[in-house]
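Heads up, the thing below is written out as structure tokens.
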Amino acid sequence: MKYVPKKRFFFSVLFLVGMVFLLSCKEDARLATTDITIIRQDGQEVSVVAEVADREETRNRGFMEREVIPDGTGMVFVFDRDQVLSFWMKNTPHPLSIAYIDSTGRIRDIFHMTPFSMASWTSTVSVRYALEVPQGWFEKVGVGIGDKVVIPGKTSR
């Protein structure tokens with residue numbers, strides 16, 4: 001058995017504890033969630049559990065560096081006023097679809113975004129919200145342009 005001086009051992013343990021703490025903090029960076037209901041044009045309802053990004057710093061971070069985003073979950077971006085929105089996928093490894101939603105809750109656009117892309121996906125009209133989900137989820141559950149999104153405390157049925 002090799003002798004390790006106490007001081008070097010202490011700093012090695014301190015380093016490992018610090019690394020575990022930093023990595024766990026990064027993974028625990030989840031936002032508060034809300035249950036969003038989407039009412040399709042055929043009257044059927046679909047639900048998604050979405051993290052709420054309603055501050056500039058949370059909207060700027062989004063799903064960056066998240067490698068796993070399960071079906072049935074997403075992130076809703078809430079803005080203070082209607083505006084043309086533009087999103088990109090810098091530092092985002094998971095393929096996403098984005099729905100741009102106006103202040104009445106109507107889906108106005110849906111785009112499929114490419115991981116790590118610096119290209120911008122821009123709404124065609126002024127909108128208040130954006131909902132990101134795993135790519136292809138909207139099609140899988142039959143959600144499309146014109147469907148109604150109910151965000152608790154923001155939009156109504």
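By convention here, the first residue in the shown sequence is residue 1.
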Query raised in the report: Between V133 and S97, is any pair of side-chain heavy atoms under 4.5 Å apart?
Result: yes
Query raised in the report: Does one hydrophobic cluster hold both I151 and V143, with members joined at side-chain heavy-atom distances below 4.5 Å?
Result: yes
Query - From CD1 (I69) to CH2 (W137), nearest 0.5 Å - result: 13.5 Å
**Report entry** Reported OG-to-CG distance for the pair S103 and D82, which is rounded to 0.5 angstrom
**Finding:** 4.0 Å
Report summary line: Contacts of E57 meeting side-chain hydrogen bond (donor to acceptor under 3.5 Å, both in side chains) (sequence neighbours excluded), chain-then-number -> R55
Requested in this report: Calculate, to the nearest 0.5 Å, the distance between atoms OG and CD belonging to S123 and Q83 respectively.
Outcome: 8.5 Å
**Report entry** Those residues that, when tested against D42, pass side-chain contact (heavy atoms from CB on, under 4.5 Å) (two or more places apart)
**Finding:** R40, Q44
Requested in this report: Could you give me the CA-CA distance, side-chain angles and deciding distance for T155 and T104, then say whether side-chain contact (heavy atoms from CB on, under 4.5 Å) is met?
Outcome: CA-CA 6 Å; T155 60; T104 70; over 6 Å; no
Query - Other residues, nucleotides, ligands: >12 heavy atoms within 6.0 Å of N60 CG - result: yes
Query raised in the report: Transitively linked via ILVMFWY side-chain contacts under 4.5 Å: F63 with I98?
Result: yes
Report summary line: When every non-hydrogen atom of L85 is compared with those of A130, the smallest separation belongs to CD1-CB, 4.5 Å
Report summary line: Nearest heavy-atom contact between P134 and P70 is CG-O, 3.5 Å
Query raised in the report: In the single-linkage hydrophobic clustering (I, L, V, M, F, W, Y; side-chain heavy atoms under 4.5 Å), do V76 and V141 co-cluster?
Result: yes
Query raised in the report: Sub-3.5 Å donor-acceptor pair from the side chain of S117 to the main-chain atoms of A119, do we have one?
Result: yes
Requested in this report: Can you run down the salt bridge (charged side-chain N to carboxylate O under 4.0 Å, His left out) pairs that involve residues 140-151, sequence neighbours left out, and say none if there aren't any?
Outcome: D71-K140
Report summary line: CD1 (I145) and CZ (F138) are apart, to the nearest 0.5 Å, by 10.5 Å
**Report entry** Separation between CG of L96 and CD of Q135, rounded to the nearest 0.5 Å
**Finding:** 7.5 Å
Requested in this report: Using the test salt bridge (charged side-chain N to carboxylate O under 4.0 Å, His left out), find all partners of D54 that sit at least two apart in sequence or belong to another chain.
Outcome: none
Requested in this report: Report yes if the side chains of Y129 and V149 come closer than 4.5 Å at any heavy-atom pair, otherwise no.
Outcome: no
Report summary line: Scanning both residues in full, the closest heavy-atom pair of T34 with P152 reads OG1-CG, 3.3 Å
Query raised in the report: Atom CZ of R128 and atom CD1 of I101: how far apart are they, to the nearest 0.5 Å?
Result: 12.0 Å
Requested in this report: Check the hydrophobic clustering (I, L, V, M, F, W, Y; side-chain heavy atoms under 4.5 Å; chains of links allowed) and say if V150 and L131 are grouped together.
Outcome: no
Query raised in the report: Would you say the side chain of V46 lies within less than 4.5 Å of the side chain of T37, judging by non-hydrogen atoms?
Result: no
Report summary line: The salt bridge (charged side-chain N to carboxylate O under 4.0 Å, His left out) partners of R157 (sequence neighbours excluded) come to E45
Query raised in the report: Can you check whether M89 reaches F116 side chain to side chain, under 4.5 Å on heavy atoms?
Result: no
Query raised in the report: Are any non-hydrogen side-chain atoms of H94 and M113 less than 4.5 angstrom apart?
Result: no
**Report entry** Short N-O contact, E132 and R66, less than 4.0 angstrom
**Finding:** no
Report summary line: Closest heavy-atom pair, E67 versus P93, reported as atoms and distance to 0.1 Å, is CG-CG, 3.8 Å
Report task. I would like to know whether S47 and D35 meet side-chain contact (heavy atoms from CB on, under 4.5 Å); could you show each step before the answer? Result -> CA-CA 7 Å; S47 295; D35 292 327; 6.0 Å; no
Requested in this report: For the pair T92 (side chain) and K90 (backbone), establish whether a donor and an acceptor sit closer than 3.5 Å, ignoring hydrogens and angles.
Outcome: yes
Report task. Please check if the distance between the ring centroids of F77 and F87 is under 6.0 Å. Result -> yes
Query - salt bridge (charged side-chain N to carboxylate O under 4.0 Å, His left out) contacts touching residues 102-114 (sequence neighbours left out) - result: D102-R108
Query raised in the report: Any link between I38 and I110 through a network of hydrophobic side chains (Ile, Leu, Val, Met, Phe, Trp, Tyr) touching at under 4.5 Å?
Result: yes
